[in-house]
Structures are given as C-alpha cells and as structure tokens.
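Letters go in sequence order (proteins before strands), and every chain restarts at 1. Atom set for the values below is all heavy atoms of this structure, side chains included, hydrogens, waters and symmetry mates excluded.
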Number of protein chains: 2
Amino acid sequence: MPRGNGTGPPWWHGRFRGGGYRMTIPRETIVNVLSKTSKHLSAEDVYMAVHKIHSNIGLTTVYRTLELLVQMGLVFKFDFGDGRARYELSEGPKGERHHHHLVCTSCGRVIDYTDFIDEEIELLNQTEKGLSKKYNFNITSHLIQFYGQCNGCNLK
Amino acid sequence: MPRGNGTGPPWWHGRFRGGGYRMTIPRETIVNVLSKTSKHLSAEDVYMAVHKIHSNIGLTTVYRTLELLVQMGLVFKFDFGDGRARYELSEGPKGERHHHHLVCTSCGRVIDYTDFIDEEIELLNQTEKGLSKKYNFNITSHLIQFYGQCNGCNLK
DNA sequence: CTTGATAATGGAAACCATTTTCAATAGGAG
DNA sequence: CTCCTATTGAAAATGGTTTCCATTATCAAG
Ligand SMILES: [Mn+2]
Ligand SMILES: [Mn+2]
Ligand SMILES: [Zn+2]
Ligand SMILES: [Zn+2]
C-alpha cells in the first residue's frame with residue numbers, strides 16, 4: 001500500500017531503475033547529501049558528509065557513484081582550478097538547473113548565477129549555431145566561467 | 001654590434017628581463033617550442049619537444065617554466081578534461097591572441113576559434129558589467145568552451 | 001518469503017600528473 | 001673574471017583519482 005504521508009520514493013529512484021542500475025544505500029545517501037546543499041562539493045566533501053550518516057560507505061564508492069551520476073546527467077562535474085573536481089546536482093524534480101559561475105581567484109569562492117542567462121542564451125544560441133556550421137561541429141554543451149575577485153576579497 | 005641579418009633577440013627576452021628573471025637555455029627553448037606550434041601542448045609534450053633540442057633539460061624545469069610563463073601572462077593554461085594541463089602561447093609580437101575553444105568529447109580534438117568573438121564580445125561585456133554590479137565582483141578574465149562532436153567524429 | 005545470478009561495495013594498492021627537496025650549476029651585475 | 005644567488009635536474013614526495021579483488025547486497029524469479 002502507498003505510504004500514509006506524502007513521502008513517496010525520492011524522484012531520482014526512477015532514474016536509477018530506468019538506467020538499469022540498482023538502488024543502494026550508498027547511492028541513496030550520496031544523492032541525498034547533494035540534494036541538501038547548494039555548495040560545490042568535492043568527492044572528499046561528499047565522503048565526509050556521507051560518512052556521518054553511514055560510516056561504512058567508502059571513498060571509492062563515492063567516486064564511483066559521482067561518476068555514475070555524471071554519466072546519468074544527474075550531476076555536473078566542474079574544475080574550478082583548485083586541484084580537485086567539484087560536484088553539483090544538475091536538476092531537481094522540476095527540471096534542469098543549468099547555470100554559470102563566478103570564481104574568485106583570491107579566496108576560491110564560487111558564485112552560481114542565472115540572472116543574466118537570458119541575454120546570454122541569445123548570443124549563446126547564435127554562437128553555437130554559427131560555430132556548428134562553420135566547423136561542422138555538433139555542440140552539446142558549454143562551459144562558461146568568469147574569474148576575478150569577489151565581494152569580500154575586493155575591498156581590502 | 002647588432003647582428004647583420006634581421007635576427008635580433010627574440011621579442012620575449014624583454015619580458016623576462018623586465019620581470020627580473022634570468023634568460024636561460026631551458027626558458028629560451030621552451031618558449032621557442034611553444035611559439036612554433038598551434039597545438040595545445042601538455043607539460044609532457046613540451047618536455048619531449050624540448051628534449052630533442054637539449055636532452056639535459058628536465059621535466060621539473062618544464063613545469064616550473066610553464067608556471068612562470070602563465071604568471072607572466074605569456075602562456076594560457078587550460079583544462080580540457082583529459083587529466084593534464086594544456087599550454088598555449090597567449091600572444092605574439094603583435095599582441096594578445098585571446099580565443100575560445102571547441103572541444104570534441106569523442107576524440108579530444110580542440111579547435112580554436114575567434115570568428116564569432118565579435119558578437120560574443122558584445123554579450124560578454126554586457127554580462128560582465130551586469131555581473132560585476134550585481135555581485136560586486138571584479139571580473140578579470142573568462143573561460144568559454146563548447147563541447148560536442150567534431151567533424152570527423154560526427155559522420156560515422 | 002527464499003534463492004541465485006551478478007551488480008555493487010570497500011579497503012588496500014596502484015596510478016600518475018604535479019610539486020617539493022636539495023645539492024650542483026650557471027646567468028649576469030659589478 | 002668573480003661572486004652571489006637564481007635556476008636547474010634527479011629523485012622522492014604528494015595527493016586526487018582509479019584499479020583490484022574478495023566479500024556483500026540487490027532484486028527478479030520461483
Ligand atoms: Mn554551480
Ligand atoms: Mn587554444
Ligand atoms: Zn574571494
Ligand atoms: Zn572528434
């Protein structure tokens with residue numbers, strides 16, 4: 001029978017099952033950790049958070065699961081230049097959450113932004129179309145990051 | 001006396017001396033290697049090319065020099081997702097050669113493009129201005145890469 | 001609810017690009 | 001030409017990520 005409260009299985013279960021993957025405690029826990037933060041976590045970060053919940057989950061599994069999630073398109077993997085990969089849930093139940101980044105080269109802070117994406121999308125589409133034709137290149141995604149000094153690092 | 005032929009000291013000598021750095025064989029050789037290619041070389045690539053000319057130059061020095069060149073602004077350092085940094089001369093005697101990249105996720109090919117940069121610059125400036133104000137963020141540079149399948153990987 | 005095939009896991013070891021160490025070398029000002 | 005010290009190169013260390021492989025757990029089938 002369906003549960004009395006409104007708590008059905010998390011929306012991402014279907015994504016795993018649909019892909020032919022098993023639903024496991026580590027996977028469940030890792031996605032949960034990612035879905036509860038807006039930060040850009042490293043594999044180690046995820047491991048530590050996950051470890052508080054199930055101390056037996058290994059770092060290897062965290063790496064494997066994150067890679068799987070990236071493959072599935074559920075997670076974005078970024079390199080902000082600090083020598084370790086950063087991971088972030090790519091979508092919620094509602095859909096994609098594509099965005100770009102401001103990276104502070106002083107303190108390493110990373111700011112998500114979607115504000116100016118409308119104007120950007122304009123040029124992006126134009127550019128992608130032009131480049132596709134010019135180089136006969138099938139564009140599937142893009143990476144846009146701005147570097148500089150953040151609020152806190154500016155004034156001082 | 002100045003040399004009889006038109007071969008003065010390479011234009012980048014001044015950049016080193018001006019920065020208070022010594023002009024050495026390894027540095028000379030490394031910049032030469034970079035200036036003779038339009039490819040995106042890894043440290044290992046540079047090392048191998050340099051090794052053919054002066055077999056005594058070490059990989060460590062290649063890393064150190066590339067880092068110095070990046071610091072000096074003479075070289076761009078990129079991450080195309082293959083686990084190693086890629087380097088490329090940022091300017092010639094004439095000036096900057098800033099550009100963006102198309103990265104083939106199938107074969108790893110990287111295409112430079114400057115063609116559509118005019119339209120891009122428009123939005124880029126707009127976006128940078130908007131973001132700067134909105135987040136009080138001092139933008140100094142940006143990274144733009146498009147991913148997809150190249151010419152060769154497309155048709156097949 | 002069992003069972004069984006096999007997908008998934010976790011600890012340890014391996015990988016591998018990059019960095020650090022440190023004694024030897026060489027650039028270039030004086 | 002000399003001397004100070006920036007620079008170099010070999011070897012070892014680092015540190016994030018992968019690989020190995022024996023053990024465990026998922027879940028379709030009965
Ligand atoms: Mn983000
Ligand atoms: Mn390039
Ligand atoms: Zn900052
Ligand atoms: Zn290709």
Practice prompt. Considering only heavy atoms of chain B and a distance under 4.0 Å, specify the first and last nucleotide of DNA chain C in 5' to 3' order that meet this criterion.
Written response: dA17(C) to dA29(C)
Discussion item. Closer than 4.0 angstrom, basic N to acidic O: yes or no for Glu91(A) and Arg15(A)?
Written reply: yes
Discussion item. Do Glu28(B) and His54(B) pair up side chain to side chain, a donor and an acceptor below 3.5 Å, judged on atom types alone?
Written reply: no
Discussion item. Between His142(A) and His100(B), do the side chains contain a donor N or O and an acceptor N or O under 3.5 Å apart?
Written reply: no
Fill in: Test ring-ring contact (aromatic ring centres under 6.0 Å, His included) applied to Tyr47(B) - qualifying residues, sequence neighbours left out
His51(B)
Worksheet item: Between Lys36(B) and Asn32(B), is any side-chain donor less than 3.5 angstrom from a side-chain acceptor?
Response: yes
Item to complete: Would you please indicate yes or no on a ring centroid separation below 6.0 angstrom for Phe80(B) and His101(B)?
Response: yes
Worksheet item: To the nearest 10 degrees, what angle separates the axes at the start and end of the helix from dC1(C)-dG30(D) to dG30(C)-dC1(D), five pairs each?
Response: 40°
Worksheet entry | DNA chain C contacts among residues 18-40 of chain A, heavy-atom distance under 4.0 Å | Tyr21(A), Arg22(A), Thr24(A), Pro26(A), Arg27(A)
Name the atoms and distances for all side-chain donor-acceptor pairs under 3.5 Å in residues 60-77 of chain A, with sequence neighbours left out.
residue: Thr61(A); atom: OG1; partner: Arg64(A); partner atom: NH2; Å: 3.3
residue: Thr65(A); atom: OG1; partner: Thr61(A); partner atom: O; Å: 2.8

Practice prompt. Could you list by number each residue of residues 44-68 of chain A showing a heavy-atom separation from DNA chain D of less than 4.0 Å, or answer none if no residue does?
Written response: Thr60(A), Tyr63(A), Arg64(A)
Worksheet item: Would the Tyr87(A) and His40(A) ring centres measure less than 6.0 Å apart?
Response: no
Fill in: Sidechain-backbone polar pair: Thr140(A) side chain, Tyr147(B) backbone, donor-acceptor under 3.5 Å
yes
